[in-house]
Visitor: 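Here's a structure for you.
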Amino acid sequence: MNKVLPLISLFIMSMVSIFYWTFKSKDELYEAKWNVPDTTLAIMINGEISTTFPTINAYETSVECTNGTGKVEWNGSKWILTTSGITKGSIKCNATFTTKVPTLAEIILANNEVQTPLTTPGSEVSAYTLNDVSAITTTYVTSNYQSYFITYGTGWKANGNNFDLTGAAVTSGTYANSYSDLVGKYLPYSYISSSSSGGSGSSTAGTMATTTDLSSVYYIVSATSSSFKYKNLGSNKSITEAELASAEDDYGTSYYFRGNVKNNYLEFANKCWRIVRIGGDGSVKLILHNDNTAGSANPCSSANNNNDAAFARYSGTTYKSAFNTNYNDNAYIGFMYGQIGASDYESTHANINKSTILTNLETWYNNNLKTYESLIDNNVFCNDKGKSSWPGYGTGITFYDSSTRLRTNKKPSLKCNGNLSKIVGKVGLITADEAVFAGFIPRNAPSLNYLLENTGNVWWWTLTPDSFMVSAADIWLIQSDFRDVSSFSAGNENGIRPYISLKASADISRGSGTSEDPYVVE
């Protein structure tokens, strides 16, 4: 339809319903208003004539004029018309507003209030209560320790960032005679060894282990004369943490999910993913949640959860891989690496050779995601090769930046330093820093957060180097059974969990982000 027709009919029908403006000079801002009879502005909103501009910023716009050019922009509170090249004479312009389809990132932000984390990323684990803890661990009690007297508490209270047991006492009998009374109680340590060596027991009656300033407490679920099962509480916060928070990355403000969140599920490429964060550039970072080898209609549904569903089957049923098959050189901390046996840092860490795990990831990607490539961003994966100590090559003992950042300073970062650390590709791994923002902290501090779902007791790799120690390149990984982040030699085989970025332009066809109604990108 000729867009001039609505202008003509509008002009004839009613002078009141026509908007005019006066052109005083080029590039001047004008609000839509009735003014003089020689210039006509027609407003179309989703194909319908309107006598006013919209009042919200939810539209894409265009302006067509019979003379000169114009555009309509949102100034933060209202729409403003800008013109250029207008000459004398009667001018007619058509301002068209079309409802803007929100991007995936915009919908996520609209559905979540950005909050300050309940716990401090890097120094406290994501919070939870006893009822939130599903993992149960077994400790075996040898005949020697069955004769020990056990320190326990009937409850706990917060002490700064740690715990104090309440109702603390020592069993009147040995473990062998008192184990049934320990059910429903809290131990200060997960082992029965002597309190002097970090255990909950003592060979001397009445001797109490330390019950204050504890980093964790252990709730006894069941017990026998030779073992007990427990749940580990590793945070002193008594409220379940589940939020969207923010931190800076290399592109601006990033928004990340932290804690036991339940509304960051996304279905894409016939698989289920968890949304890790929105990048400062608007891209949406995803980690695999269910490879969906069974072809479920809704791979995100809790009915399809499985202890190893979150890992990539890159060769038959195989989902574990070494980070690098070899590990006896600093080069092998690399997702891509340079020259083995080099005598300088740059040659060692040049991004020339693909790691074992990158090769396997690309095999899985080509078999599963290649046909969806138009929606997948060329992501900058941060394989942080920055070093805190020399030399960083050969077999020299080296601590990489993450070791100081995460273990010593306890301050994770979403920024990537150094060109050798930045590897561009379609598929990679989550960084240890991102895992810490999600709720983990390094070494023996159990967390409850969304990254643990569908991982069972499998250990799985992150992208982040830790150190080169004792002739082995060590990489940070997630220990699902201990619910923490630690490091391990690159030559060991652990789970592969793919990580991708959807483009900023991606939009969803439906969904609210829950497991039963995930966001769907097609």
Side-chain angles (χ1 to χ4, degrees), residues 311-312 314-315 318-365 379-407 416-435 442-443 458-479 485-499:
F311 305 109
Y314 64 91
S315 177
T318 302
Y319 62 84
K320 292 185 178 181
S321 169
F323 195 90
N324 272 304
T325 304
N326 297 311
Y327 53 88
N328 58 345
D329 192 286
N330 267 275
Y332 292 123
I333 60 99
F335 195 51
M336 293 189 71
Y337 61 90
Q339 181 181 344
I340 306 303
S343 57
D344 65 278
Y345 172 84
E346 287 74 17
S347 298
T348 298
H349 296 292
N351 294 319
I352 298 172
N353 304 298
K354 293 181 180 180
S355 64
T356 304
I357 200 166
L358 175 55
T359 300
N360 292 333
L361 277 166
E362 289 182 339
T363 297
W364 179 85
Y365 176 90
N379 192 47
V380 176
F381 295 100
C382 187
N383 179 214
D384 188 358
K385 298 174 182 177
K387 53 185 172 51
S388 300
S389 67
W390 296 95
Y393 56 82
T395 57
I397 293 176
T398 305
F399 291 96
Y400 290 90
D401 281 351
S402 68
S403 181
T404 300
R405 186 173 62 248
L406 299 180
R407 186 180 285 109
C416 191
N417 297 314
N419 289 332
L420 293 177
S421 300
K422 299 176 181 179
I423 300 173
V424 179
K426 293 286 190 179
V427 64
L429 301 169
I430 193 173
T431 67
D433 295 78
E434 288 174 313
R443 303 218 180 227
V458 179
W459 293 13
W460 47 279
W461 293 113
T462 78
L463 190 60
T464 308
D466 177 24
S467 61
F468 185 89
M469 294 285 288
V470 196
S471 301
D474 289 340
I475 310 296
W476 289 104
L477 51 67
I478 306 302
Q479 299 181 129
V485 57
S486 189
S487 62
F488 213 40
S489 170
N492 288 280
E493 292 194 347
N494 293 295
I496 298 181
R497 197 169 182 189
Y499 182 96

Visitor: Using only atom types and a distance under 3.5 Å, with no angle test, would you say the side chain of Ser402 pairs donor to acceptor with the backbone of Arg405?
Guide: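 Not a single qualifying donor-acceptor pair exists.
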
Visitor: Kindly indicate whether the side chain of Phe381, heavy atoms from C-beta on, has any atom under 4.5 Å from the side chain of Tyr499.
Guide: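 They are in contact (side-chain heavy atoms under 4.5 Å apart), so the answer is yes.
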
Visitor: Quick check: does any side chain N or O of Asp329 sit under 3.5 Å from a backbone N or O of Ala331, one acting as donor and the other as acceptor?
Guide: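 Pair found, side chain donor or acceptor close to backbone of Ala331.
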
Visitor: Roughly how far, to the nearest 0.5 Å, is the CZ atom of Phe311 from the CH2 atom of Trp364?
Guide: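 Separation between the atoms: 13.0 Å.
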
Visitor: Taking side chain to side chain donor-acceptor pair (under 3.5 Å) as the test, write out the residues that go with Asp344, two or more places apart.
Guide: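 Scan of Asp344 (side chain to side chain donor-acceptor pair (under 3.5 Å), adjacent residues dropped) gives Ser347.
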
Visitor: Checking Thr356 against Thr325: is there a side-chain donor and acceptor pair closer than 3.5 Å?
Guide: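 Thr356 and Thr325 do have a side-chain donor-acceptor pair below 3.5 Å.
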
Visitor: Determine whether Ser421 and Lys385 make a side-chain contact, defined as any pair of heavy atoms from C-beta on separated by less than 4.5 Å.
Guide: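 Heavy-atom side-chain distance check passes, below 4.5 Å.
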
Visitor: Among pairs that include at least one residue of residues 333-353, which meet ring pair (Phe, Tyr, Trp, His ring centres under 6.0 Å), considering only residues two or more places apart or in two chains?
Guide: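 Only Tyr332-Tyr337, Tyr345-His349, His349-Tyr400 qualify under ring pair (Phe, Tyr, Trp, His ring centres under 6.0 Å).
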
Visitor: Taking atom NZ of Lys387 and atom OG1 of Thr404, what is their separation to the nearest 0.5 Å?
Guide: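 The OG1 atom of Thr404 is 12.0 Å from NZ of Lys387, to the nearest 0.5 Å.
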
Visitor: Side chains of Trp476 and Pro442: does their closest heavy-atom pair fall under 4.5 Å?
Guide: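 Touching, per the 4.5 Å side-chain cut-off.
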
Visitor: Would you check if the side chain of Tyr314 reaches a backbone N or O of Lys320 as a donor-acceptor pair within less than 3.5 Å?
Guide: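 Yes.
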
Visitor: Got Asp433 and Leu406 here, is their nearest side-chain heavy-atom distance under 4.5 Å?
Guide: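 Side-chain contact under 4.5 Å: yes.
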
Visitor: Does Ser489 reach the main-chain N or O of Asn492 with its side chain, forming a donor-acceptor pair under 3.5 Å?
Guide: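 Not a single qualifying donor-acceptor pair exists.
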
Visitor: May I ask you to test the Phe399-Met469 pair for a side-chain heavy-atom distance under 4.5 Å?
Guide: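 They are in contact (side-chain heavy atoms under 4.5 Å apart), so the answer is yes.
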
Visitor: For a 4.5 angstrom cut-off between non-hydrogen side-chain atoms, does Leu361 reach Lys426?
Guide: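 Not touching, per the 4.5 Å side-chain cut-off.
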
Visitor: Considering non-hydrogen atoms only, spot the tightest contact between Leu420 and Ala350 and give its length.
Guide: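 For Leu420 versus Ala350, the nearest heavy atoms are CD2-CA, 4.0 Å.
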
Visitor: State whether the side chain of Asn330 and the backbone N or O of Tyr393 hold a donor-acceptor pair below 3.5 Å, judged by distance alone.
Guide: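 Looks like yes, one N/O pair under 3.5 Å.
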
Visitor: Give, for atom CG of Asn383 and atom CE of Met336, the distance between the pair rounded to the nearest 0.5 Å.
Guide: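 One finds 10.0 Å between CG of Asn383 and CE of Met336.
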
Visitor: Which heavy-atom pair separates Phe323 from Gly334 by the least distance, and what is that distance?
Guide: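 Closest pair (atom of Phe323, atom of Gly334, distance): CE2-O, 3.6 Å.
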
Visitor: Ion pair present between Arg407 and Asp466, side-chain N to carboxylate O less than 4.0 angstrom?
Guide: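 Salt bridge flag = yes for Asp466 with Arg407.
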
Visitor: Closest heavy-atom contact between Thr398 and Pro391?
Guide: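 That would be OG1-CD, 3.5 Å.
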
Visitor: Go through the side-chain N and O atoms of Ser487 and Asp474 and say whether any donor and acceptor fall under 3.5 Å apart.
Guide: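 No.
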
Visitor: Check whether Asn360 reaches the backbone of Ile357 with its side chain - one donor and one acceptor, N or O, closer than 3.5 Å.
Guide: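 No; zero donor-acceptor contacts below 3.5 Å.
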
Visitor: Under 3.5 Å, is there a donor on one side chain and an acceptor on the other for Thr464 and Asp384?
Guide: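 Distance-only check fails for Thr464 and Asp384.
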
Visitor: Taking all non-hydrogen atoms of both residues, which atom of Thr462 and which atom of Leu429 are closest, and how far apart?
Guide: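 So the two residues come closest at O-CD1, 3.6 Å.
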
Visitor: For residues 348-357, which residue pairs pass the salt bridge (charged side-chain N to carboxylate O under 4.0 Å, His left out) check, not counting sequence neighbours?
Guide: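 Passing the test, one end in residues 348-357: Lys354-Glu362.
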
